Amino acid sequence: MNPVVAIEGLEFRYREGDFRLGIPELAIERDTTAAFIGPSGSGKTTLLNLIAGISLPRSGRVVTEGVEVTSLSDSERRDFRIARVGLVFQEFELLEYLSVLDNILLPYRINASLRLDREVRDRARDLAERVDIMDKLDRYPGKLSQGERQRVAVCRAVLTEPALLLADEPTGNLDPVNKWKVLDILFDYAERTDTTLVAVTHDQEILDRFERVVDFSQFHEYGELRPAQHGELVGAGP
Ligand code: ADP
Ligand code: MG
């Protein structure tokens, strides 16, 4: 079957700074779990952003869920990401002025192609129940613990039932109890729904749970970067 992520000849750099990421080829098979590891600053978050279509490479192709994200317009990439990719950001990115329930429902509020109906609301409540935050749905994120915030972020990421779930250090700031809770949620979801889970982590303790480990130390000495051409998109940031 087609991989859920296929990358070819990717070269990326930010507008500022010397960081460069070169990936000649990377395929992530459907229905697998993969961990991205590597030292801080090695480009793990950058690659998640490229896979999700938040950023664009200087050259190369990124095909995510069969869609060549590198050839979409900005607004198409945004809609694609919200509808098709579940993202758990490193800092959760909850909106402080929305209740927990409305944070979970957010993808349906910001993408016109997604319809917020009864079924979606029921699904949001089911998810909240599974992760034990049912009694927090009317609260605002400021009144939650880190572990609870993380669980809200996970609910939001899976609500659209994406075939690809990207989680950026999902257990980074959590105590051991919440760490395993959040991992269970991610892995349970991936298993139950045949979703591919890609998680950035530098936690040796959890690596065993992943079927595949992608080490970023291999991605640095690749290819020659040419100077950016006028008008070319270079690492359009989020
Ligand atoms: P990791 O997630 O592996 O810690 P990142 O992908 O966040 O690494 O960052 C890779 C490198 O790119 C780092 O050196 C970081 O400082 C740099 N970087 C990240 N974001 C930007 C940006 N918006 N502009 C310029 N440099 C950036
Ligand atoms: Mg990072």
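Numbering of ligands and ligand atoms starts at 1, following listing order. Quick caveat: nothing in here was measured; it's all calculated off a predicted structure.
Within 6.0 Å of CD on Glu25 lie no more than 12 heavy atoms contributed by other residues, nucleotides or ligands.
Nearest heavy atom pair, residue Ala190 against residue Asp31, reads O-OD1, 4.4 Å. Between Arg156 and Phe89 the shortest heavy-atom distance is NH2-CD1, 4.4 Å.
In terms of polar-atom proximity, Phe19 is not counted as a contact of ligand 1, lacking any N or O under 3.5 Å from an N or O of the ligand.
In this structure, Lys179 and Glu205 have side chains that are in contact, with non-hydrogen atoms separated by less than 4.5 Å.
Close contacts of ligand 1 with Ser40, meaning ligand atoms under 4.0 Å from a residue heavy atom, involve 4 (O). Counting the atoms of ligand 1 from 1 in the order shown, those under 4.0 Å from a heavy atom of Glu16 are 25 (C), 26 (N). Of all atoms in ligand 1, numbered sequentially from 1 with element shown, those under 4.0 Å from a heavy atom of Thr46 are 5 (P), 6 (O), 9 (O), 10 (C).
Looking only at atom types and distance, the side chain of Asp138 has no donor-acceptor partner in the side chain of Ser99 under 3.5 Å away. Thr201 and Asp203 share no donor-acceptor pair across their side chains, judged by distance under 3.5 Å alone. Counted by atom type alone, Tyr14 and Ser55 present zero donor-acceptor pairs between their side chains at under 3.5 Å.
Residue nearest to atom 13 (C) of ligand 1, selected from Gly43, Gly38, Gly41: Gly41 (by heavy-atom distance).
At a 4.0 Å cut-off, not a single heavy atom of Gly17 sits close enough to ligand 1 to count as contact.
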**OP:** Report the C-alpha separation of Arg125 and Ile104 in whole Å, then their side-chain angles, then the decisive distance to 0.1 Å, and conclude whether the side chain to side chain contact (heavy atoms under 4.5 Å, CB included) test is met.
**Re:** CA-CA 9 Å; Arg125 286 177 185 281; Ile104 296 174; over 6 Å; no

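Within the protein, the number of N, O or S atoms lying under 2.8 Å from the Mg ion (ligand 2) is 1.
Of the listed residues (Arg209, Arg192, Arg130, Arg151), just one forms a salt bridge (charged side-chain N to carboxylate O under 4.0 Å, His left out) with Asp184, and that residue is Arg209.
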